[in-house]
Amino acid sequence: MVEIRLTNTRTRRKELFRPIDAQNVRLYLCGPTVYDRAHLGNARPVVVIDVLVRLLRHAYGTDHVTYVRNFTDVDDKINATALARKEAGAPGTLEELIRERTHETIGWYHADMDALGALRPDHEPRATDYIGEMVLMIETLIKGGHAYARDGHVLFRVRSFADYGQLSGRSVDDMIAGARVEVAPFKEDPMDFVLWKPSDDDLPGWDSPWGRGRPGWHIECSAMSYELLGESFDIHAGGIDLQFPHHENEIAQSCCAHPHGDFARVWLHNEMLQVEGRKMSKSLGNFFTVRDLLDQSIPGEVIRFVLLSTHYRKPMDWTAEKAREAEAVLRRWRGLVAGIDPAPSPAPAVIAALADDLNTAGAIAALHELAGRGDGPGLLAGAQMLGLLTDELGDWITSGPDLSDLAERMTALRAEAKASKDFSAVDALKQSLIAAGVEVRMGPLGVELLPGPDFDAAKLPQ
RNA sequence: GGCGGGUUGGCGGAGAGGUUACGCAGCGGAUUGCAAAUCCGUGAAGACCGGUUCGAUUCCGGUACCCGCCUCCA
């Protein structure tokens, strides 16, 4: 059995991973709020956890891992988008427009994450399908003295949970001293957070004991993970920015509603993705989507490689240079493994790196060594452990335009030139191909033409 | 203000208290009509100041700078 070690945010230590039930290893990843295209930062945890799931399936068996990732489809940004569409004259009720928007966004999300080679989770619950369960959980919290209703709102009573702040290493008093909390007249304590809030007629709402309203953000993950994974499960993952307040609040809700459970044993948090040294964020306006990159002809496999080339617990800067290097490596590797079957099992060095707190960068280094030794089957098996060099992600390598006519012409010209020693015609053709963004490779075996990133069919010689 | 993370060679980026990370770029060579690609070889590092140690880039303390969370965010 592979010994997997993971850094648990809760204990701040790298720990040996021991599943609650080795027959069913359970993992929950906080998924997207489906109001718009996923940006590149959204993709980092998805790709990282995808590798973790592959590793867990390798260690415990394909059918012994349950992976859940939610869709948050109750959210004010979704409402705002739908409302804007309605005001712009779109037909249908607000609820229909919201449903349309979330349905459309989920389709984009699936397409974009598929393009990165991320396996679909076993369950992808939507918050709107679990409103009843959330209401039940809130009622349980009220009965237990952990929540209270005021003016159509229900709030979680932070002071009722002694461990509040343990995950993120802060105390309620410290946070109040920070004085950056919303003070609302209906709160007993400034740190109390919303479980349920009232909806007016312009907002989606569900009937509840506290009137028509909608759930707060945090309760959905508590309710859905309980329904799908139980009161104790193995791993809960997400971006480090979710550590507080989202995950702290999830812990408070879940542990108070299900005092006999542990909720999540291991908390995994990935560091932020940066662009030009700054966090990619909506408020800074420096974010771009996965689709933007794909549309720039950056293959999903290249994006995946770049995301995995930095350890998940470190900030990662996205740069065009990294994408360029990754593409060159993948092109070389794909050439090396073309037509080859993978080795029966991944190289121990690859598994060892991944088992050591998901050291994907170390695993890639191990792949470089396999490639350097010319071990195609080993490289292929190891890379596929990382979700690289898979058939599904390989289209970009062969999907270029058909340049075989030009390659043949070049070959013929070159044969003539070798006899006449006049290479001017060959060089002229080569220059025009380069100008069209084609990489020209001439060797003893013949001529190879590869469309590069700047390829422009309009500039091809006739 | 409170809390957390980081600082490694030209660039990117890991592990390990003592022995080559690895990749890209550079340099030398092989190959090539010339290039490219490929192959072989190679120089180069760990913010700063202390401490522990026979020995620290690696452990501990401090300083500086950078980043993040505390507000929608992965």
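Quantities reported herein were computed from a predicted structural model and do not represent experimental measurements. Lettering of chains follows the sequences in order, A, B, ..., and the numbering in each one begins at 1.
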Between [options], which one does the side chain of [X] approach most closely?
X: A/Leu242; options: B/rA37, B/rC67, B/rA74; answer: B/rA74
X: A/Asp427; options: B/rG5, B/rC73, B/rC34; answer: B/rC34
X: A/Glu325; options: B/rA14, B/rG23, B/rA74; answer: B/rG23
X: A/Lys418; options: B/rA14, B/rA21, B/rG33; answer: B/rG33
X: A/Val329; options: B/rA74, B/rG33, B/rG23; answer: B/rG23
X: A/Glu369; options: B/rA36, B/rG15, B/rC22; answer: B/rC22
X: A/Ala361; options: B/rG5, B/rC22, B/rG13; answer: B/rG13
X: A/Gln274; options: B/rC24, B/rA21, B/rC67; answer: B/rC67
X: A/Arg332; options: B/rG4, B/rG23, B/rA74; answer: B/rG23
X: A/Lys322; options: B/rC70, B/rG12, B/rG68; answer: B/rG12

Original post:
Does the side chain of A/Asn42 pick up a donor-acceptor pair with the side chain of A/Tyr109 at under 3.5 Å?
Top reply: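 A/Tyr109 and A/Asn42 do not have a side-chain donor-acceptor pair below 3.5 Å.
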**OP:** Look at atom CZ of A/Arg12 and say whether more than 12 heavy atoms of other residues, nucleotides or ligands are closer to it than 6.0 Å.
**Re:**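 Yes, because the 6.0 Å sphere around CZ of A/Arg12 holds more than 12 heavy atoms from other groups.
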So what does [X] touch, heavy atoms closer than 4.0 Å: a base, only the sugar-phosphate, or nothing?
X: A/Lys430; result: base
X: A/Leu367; result: nothing
X: A/Val46; result: nothing
X: A/His311; result: sugar-phosphate
X: A/Phe244; result: sugar-phosphate
X: A/Asn270; result: base

Are [X] and [Y] ion-paired here, with the side-chain N under 4.0 Å from a carboxylate O?
X: A/Arg5; Y: A/Glu3; value: yes
X: A/Asp292; Y: A/Arg37; value: no
X: A/Arg313; Y: A/Glu271; value: no

**OP:** Fill in the dot-bracket string of RNA chain B, one character per base: . for unpaired, | for a pair to another strand, ( ) or [ ] for pairs within the strand, taking Watson-Crick or G-U pairs under 3.5 Å.
**Re:** (((((((..(((.....[...))).(((((.......)))))....(((((..]....))))))))))))....
Does a side-chain N or O of [X] approach OP1 or OP2 of [N] to a distance below 4.0 Å, or not?
X: A/Arg313; N: B/rA74; value: no
X: A/Arg324; N: B/rC24; value: no
X: A/Ser168; N: B/rC3; value: no
X: A/Lys314; N: B/rA14; value: yes
X: A/Lys77; N: B/rC73; value: no

Original post:
Atom CG of A/Leu203 and atom CD1 of A/Ile98: how far apart are they, to the nearest 0.5 Å?
Top reply: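 Spacing of CG (A/Leu203) from CD1 (A/Ile98) equals 7.5 Å.
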Subject >> Interatomic distance, A/Glu250 atom CD to A/His246 atom NE2 [nearest 0.5 angstrom] >> reply: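 Reported value, rounded in 0.5 Å steps: 4.0 Å.
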Rounding to an integer number of Å, can you tell me how far [X] [atom1] sits from [N] [atom2]?
X: A/Leu358; N: B/rG13; atom1: CG; atom2: P; value: 17 Å
X: A/Phe423; N: B/rA36; atom1: CZ; atom2: P; value: 16 Å
X: A/Lys197; N: B/rC72; atom1: NZ; atom2: C1'; value: 10 Å
X: A/Leu413; N: B/rG33; atom1: CG; atom2: P; value: 16 Å
X: A/His368; N: B/rC39; atom1: NE2; atom2: C1'; value: 17 Å
X: A/Ile364; N: B/rG23; atom1: CD1; atom2: C1'; value: 10 Å
X: A/Asp241; N: B/rC67; atom1: CG; atom2: C1'; value: 13 Å
X: A/Arg414; N: B/rA36; atom1: CZ; atom2: C1'; value: 11 Å

Subject >> Nearest atoms (heavy-atom pairs only) where A/Tyr35 meets A/Thr105 >> reply: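 Between these two residues, the closest heavy atoms are N-CG2, 3.8 Å.
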**OP:** Using heavy atoms to find the nearest nucleotide of RNA chain B for A/Pro45 and A/Val440 separately, return the residue whose nucleotide is more 5′.
**Re:**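 Going by which nucleotide is closer to the 5' end, it is A/Val440.
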Subject >> Residue met sooner reading RNA chain B from 5', once A/Gly238 and A/Tyr312 are mapped to nucleotides >> reply: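 Looking at RNA chain B, the more 5' nearest nucleotide goes with A/Tyr312.
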Original post:
Are A/Asp76 and A/Arg214 close enough, and set up right, to give a side chain to side chain contact (heavy atoms under 4.5 Å, CB included), and what steps lead you there?
Top reply: CA-CA 10 Å; A/Asp76 288 345; A/Arg214 60 198 196 284; 3.1 Å; yes
Subject >> Heavy-atom donor-acceptor pair, A/Asp356 side-chain to B/rG15 base, under 3.5 Å >> reply: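 Answer no: no donor N or O sits under 3.5 Å from an acceptor.
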Original post:
Going by modelled atom types, is there a donor-acceptor pair between the base of B/rA74 and the side chain of A/His269 at under 3.5 Å?
Top reply: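 Flag unset: no donor-acceptor pair detected.
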Original post:
What interatomic distance, in whole Å, is found between P of B/rC59 and the corresponding atom of B/rC72?
Top reply: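 These two P atoms come out 36 Å apart once rounded.
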